[in-house]
Chemist: 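First, the structure itself, so that you have it in front of you.
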Amino acid sequence: MSHAAPTLVSGDEALANFRRGLTGRYAHELLLEADGRLLIQLPVGVGKTEWLVKIIQHVVETRHFDLVIVLFPRRDIINEFTARLPECVDRVVLRPRPKDRCGDLNSAWLDYEKSNCGVLGRQELCESCAHRTDCFWPEQFGDHLRNVEVVIATQQHAVLDPNFVDRIASYSGAEKPLVLQDESDLLLKNTSRNISRDELIKFTEAIETVSERTSERWSQYLELLQHADSNDLQGDWNGPRFTGQWARQVQHAGWQLYGDQFRFLGYILNQFGRSRQSSREALADGSIRFSSTPSLGDNFIIFTGSMAPTLVRYRLDPEFTQGPVWSPMSHYRFRHPGTTWFNIGNIAGAAKYFRKNSPAILDFFAAMVARNIRNGLRTLLICKQRFVNHCSSQIETRVRGYGTDCRVITSNWQAACYDAPTTVPLIHFGISGLNLFEHFDAAYSLTGYYINNRVLTDTVHDLDRSADRYEIKINATKRPHRRVAVVETDAQTSILPLIAQESLDQLEGDVIVQAVGRVRPMTRPREVITFHAGQLPGITLDRNFDSLGQARGYFGVPTSRRRQLEERQARAQALRNKGVTPREIAKKLDLSERTVRRYIANGRRT
C-alpha cells in the first residue's frame, strides 16, 4: 500500500484502457489487499456505475460474499442503476412506504413514524387498509430477505438506523456481507442523537403499564439511566432485548397516554448502548446526548469523488481502533485534453454578497450563455438552491438582451434538457447522480458554495461530547486563494486540524466539483467556469481569475454599462452618417449635444 506517483489519464484511448481494467475480480483483489476497508476515489464519468455492476456480478458468480448491500444517496439513482443490472442477478430493492396508496391513512402514519411507533402503525393502519393484500411494504423486511443475493437501498436507512447493515445481514442469514456505498454523503451526515428527560419519563410510564418480565428489566435500566451523570455513561449501557410484540404493546400504551407526544425509545436506546462511550454525556436539562456512527461491517467499498481516506476512517472509526482505509486510486488524475477549467477566485459569489453583486455576475454569465447559443453549444448552469428563481429569471432576461432567445428550466429536465441550445437547465449544488447533462458542452457556476464556522464545527464535533469540542474558524487567504480551517491552539497537536481542513474541502470544494461534473469535464472536452475563493479537490485550473473583471477581460465581455455606452455611441454615429445634425441627434437620443459630439469624435478615431 505504498504511495504511488500521480498518473494522468487523458484522452479517449487512455480512458478506455483504464476502464478495461475495472473488473469485478480486480475490485476483489483490491479489497483483499485493503483488509476489507476500501475507498475508491473516481470523478464523475470515469466508469464507476459500470464497475459497480461488474463487482456485483463477480460476487454473485464467485460467492466470495453471501450478500451484497448497495447503498445509494437517492432513489432516482437506484432507478438508473437497477436498469443496468442484469436481470439474472437476484436483488431486492427496499422501497419507502407508498404514501399515495395509504390515502387517508397517511396523516396518521406520519404521526406514528415521528414517534418511532412503526410496529403499532402496521397493526392499526396496515391491517385495516384496503390495499393490504397486495401491498409490498409491510413484509419487505424479515423473511422476505432470506437468502437474497443483493439488497439495494438508499443511504437514509443507515442514517436512521446505524446498524442497518447488520440488521439486513441478519434478515438474509448472511455471514459475510459486502457493502458497496455510492458517494460519501452518508459519512458526513450528523451522527448526534439526543434523548430528552421528558421522553425518558413518558417511555418509563408506558412500560409500567405492560406486565411482562421485559418491562421490569427496562424499568430498572431506565431508572439507572435517568440518574446517571456523564462519567456513569462511559460504561456498559446495552439495553434489555425486546420482541416486536412487546414493542407494540408499549407503543400502544404510550400512544394511549400521550398521543403524538410519546416517543418509543427502544430502538434509539439500542443505538445508545452500541455508541462510542466517549461521545456520551448527560446534559444539564436531564437529556442524554451521544454519537451513533453508521456501521458498514467488516468488508466495504466506498466510492467517492475526492473524500480523503483519513476523513473516511475518522467518520467510521473516530478512535482509530480498526485498520486504515486504503485508497488505491488516489494517485490517478483524469482530464480530457480538450477541457478548459476556469475559476473566479473571488468571494463576490458567496450568499452574503451575491444579491448585491448579482447584476454584474449574471450579466457576465448571460453573455457567455448567449455566445454558446450562437455557436450551437449547450450550457448547464449551477447555483445555490436559494438563488435558483432569481438566477433563472435574470439569466433569461439578460441573454435575450444580447439578442438571443433563451429559456431557463429549473425542473422536469428529463422532458426538455435535450432541446436546442436555447434551452438552458439550471440545477443547484448538492444534486448528485443526475446523468442527463453528460452531453452538454459547458458548465458555469453562477454562485459560490460556502459553509460557515458553525456548520464546520458541528460537522467535525458531532462525534464528540461538549467537553471535547474546540472552536473552529474558517480563514480566507489570497494568492493562492484558499479557505483554511483554524483550530484552537490546544488542539493543534491532535488530528483535529487535519480532519477540520479535509471536512472543509469536502463540504465546499467537492460539492462544486460534483455539480459541474454532470457535464463530464474529466472525460470529454468541456468549458467549465467555477466561482470559488478556495481549493477545488483534485482539480488543476487552466486559469484562476482574482476578480470578475479579469474574467470579463479574458473572455472579451464588457460590462453592461460599457455595452450601453457603446450602443448609444453607435446609434449616434449611425444617425450622423445619415446627415442628422448633432443637435437633432441629442433630441432623438435624449442626450446633451456635447455628449453627442464626443460620441461622434470617438467614432471617428476608431
Side-chain angles (χ1 to χ4, degrees), residues 37 158-163 184-197 199-200 224-239 265 268-296 302 307-325 451-475 483-508:
R37 301 165 61 79
V159 172
L160 298 175
D161 177 11
N163 302 310
S184 52
D185 306 46
L186 170 63
L187 302 184
L188 289 179
K189 298 289 186 182
N190 192 293
T191 66
S192 183
R193 305 285 190 270
N194 191 288
I195 304 172
S196 73
R197 181 174 180 80
E199 289 172 333
L200 287 168
L224 292 172
L225 188 60
Q226 290 180 58
H227 291 88
D229 59 22
S230 293
N231 290 329
D232 296 330
L233 296 180
Q234 305 309 299
D236 181 3
W237 282 92
N238 286 315
L265 301 180
I268 193 171
L269 285 172
N270 275 347
Q271 294 179 24
F272 170 72
R274 294 187 179 192
S275 66
R276 288 171 50 239
Q277 295 184 12
S278 60
S279 73
R280 303 172 187 167
E281 60 180 326
L283 303 181
D285 62 0
S287 61
I288 293 171
R289 183 166 62 195
F290 63 97
S291 169
S292 188
T293 55
S295 170
L296 299 183
I302 299 172
M307 193 169 184
T310 305
L311 180 58
V312 171
R313 182 183 183 186
Y314 183 77
R315 296 298 298 183
L316 290 173
D317 177 27
E319 294 174 353
F320 286 17
T321 58
Q322 303 176 41
V325 174
I451 62 170
N452 56 35
N453 296 341
R454 179 187 58 78
V455 171
L456 179 59
T457 300
D458 288 348
T459 300
V460 172
H461 279 312
D462 71 322
L463 301 169
D464 304 315
R465 58 182 179 175
S466 302
D468 298 326
R469 300 186 178 201
Y470 295 87
E471 183 181 7
I472 302 174
K473 296 181 179 180
I474 302 171
N475 286 350
R483 300 260 291 168
V484 182
V486 180
V487 182
E488 290 182 37
T489 304
D490 291 348
Q492 287 296 322
T493 58
S494 70
I495 197 174
L496 196 59
L498 174 62
I499 296 301
Q501 186 61 53
E502 291 182 345
S503 298
L504 176 60
D505 293 345
Q506 187 69 22
L507 292 168
E508 291 187 345

Chemist: Donor-acceptor check, side chain of S287 to backbone of L283, threshold 3.5 angstrom: yes or no?
Modeler: no
Chemist: Considering all heavy atoms of both residues, which atom of L265 and which atom of E199 are nearest to each other, and what is their separation?
Modeler: CD1-O, 3.6 Å
Chemist: In the structure I gave you, are the side-chain heavy atoms of R197 and D285 within less than 4.5 Å of one another anywhere?
Modeler: no
Chemist: Roughly how far, to the nearest 0.5 Å, is CD of Q506 from CD1 of I499?
Modeler: 11.5 Å
Chemist: Quick check: does any side chain N or O of R276 sit under 3.5 Å from a backbone N or O of L463, one acting as donor and the other as acceptor?
Modeler: yes
Chemist: Please test I195 against L225 for side-chain contact (heavy atoms from CB on, under 4.5 Å), starting from the C-alpha separation and ending with a verdict.
Modeler: CA-CA 11 Å; I195 304 172; L225 188 60; 5.8 Å; no
Chemist: Which distance, rounded to the nearest 0.5 Å, do you find between the CG of D462 and the NZ of K189?
Modeler: 12.0 Å
Chemist: Determine yes or no for a side-chain-to-main-chain donor-acceptor pair under 3.5 angstrom, with W237 supplying the side chain and D232 the backbone.
Modeler: yes
Chemist: Using distance alone, with no hydrogens and no angle criterion, decide if S275 and R280 have a side-chain donor and acceptor under 3.5 Å apart.
Modeler: yes
Chemist: What do the steps show when you test L200 against I288 for side-chain contact (heavy atoms from CB on, under 4.5 Å), and what is the final call?
Modeler: CA-CA 10 Å; L200 287 168; I288 293 171; 4.1 Å; yes
Chemist: Which atom pair, heavy atoms only, marks the closest approach of P497 to A491?
Modeler: CD-O, 3.4 Å
Chemist: Donor-acceptor pair, Q271 side chain versus D161 backbone, under 3.5 Å?
Modeler: no
Chemist: Please walk me through it: do I495 and T310 pass side-chain contact (heavy atoms from CB on, under 4.5 Å)?
Modeler: CA-CA 10 Å; I495 197 174; T310 305; 4.0 Å; yes
Chemist: Within this structure, what is the CG-OG distance for the pair D458 and S503, rounded to the nearest 0.5 Å?
Modeler: 12.0 Å
Chemist: Do N238 and D236 get their side chains close enough for a donor-acceptor pair, meaning under 3.5 Å?
Modeler: yes
Chemist: Could you pull out the closest heavy-atom pair between V159 and P162, with the gap in Å?
Modeler: O-CD, 4.3 Å
Chemist: Yes or no on side-chain contact (heavy atoms from CB on, under 4.5 Å) for N270 and N163, after CA distance, side-chain angles and deciding distance?
Modeler: CA-CA 10 Å; N270 275 347; N163 302 310; 5.8 Å; no
Chemist: Just to verify, what does R193 make a salt bridge (charged side-chain N to carboxylate O under 4.0 Å, His left out) with, not counting sequence neighbours?
Modeler: none
Chemist: Are M307 and L188 side-chain neighbours, meaning at least one heavy-atom pair lies under 4.5 Å?
Modeler: yes
Chemist: Measure the spacing between OG1 of T489 and OH of Y470 and express it to the nearest 0.5 Å.
Modeler: 10.5 Å
Chemist: Looking at side-chain heavy atoms only, is the closest gap between I302 and L187 below 4.5 Å?
Modeler: yes
Chemist: Using the ring-ring contact (aromatic ring centres under 6.0 Å, His included) criterion, which residues pair with F290? Sequence neighbours excluded.
Modeler: F272
Chemist: Between L504 and I474, which heavy-atom pair has the shortest distance, and what is it?
Modeler: CD1-CD1, 3.9 Å
Chemist: How many angstroms lie between CD in Q322 and CG in D317, if you round to the nearest 0.5 Å?
Modeler: 4.5 Å
Chemist: What's the spacing between L456 CG and E471 CD if we round to 0.5 Å?
Modeler: 11.0 Å
Chemist: For T191 and R315, does a side-chain donor sit closer than 3.5 Å to a side-chain acceptor?
Modeler: no
Chemist: What closest approach, in Å, do S466 and R289 show between heavy atoms, and which atom pair accounts for it?
Modeler: OG-NH2, 2.5 Å
Chemist: Can you see which heavy atom on Q501 is nearest to which on R483, and at what distance?
Modeler: NE2-O, 3.0 Å
Chemist: If we ignore hydrogens and angles and just use 3.5 Å, is the side chain of E502 paired with the main-chain N or O of L311 as donor and acceptor?
Modeler: yes
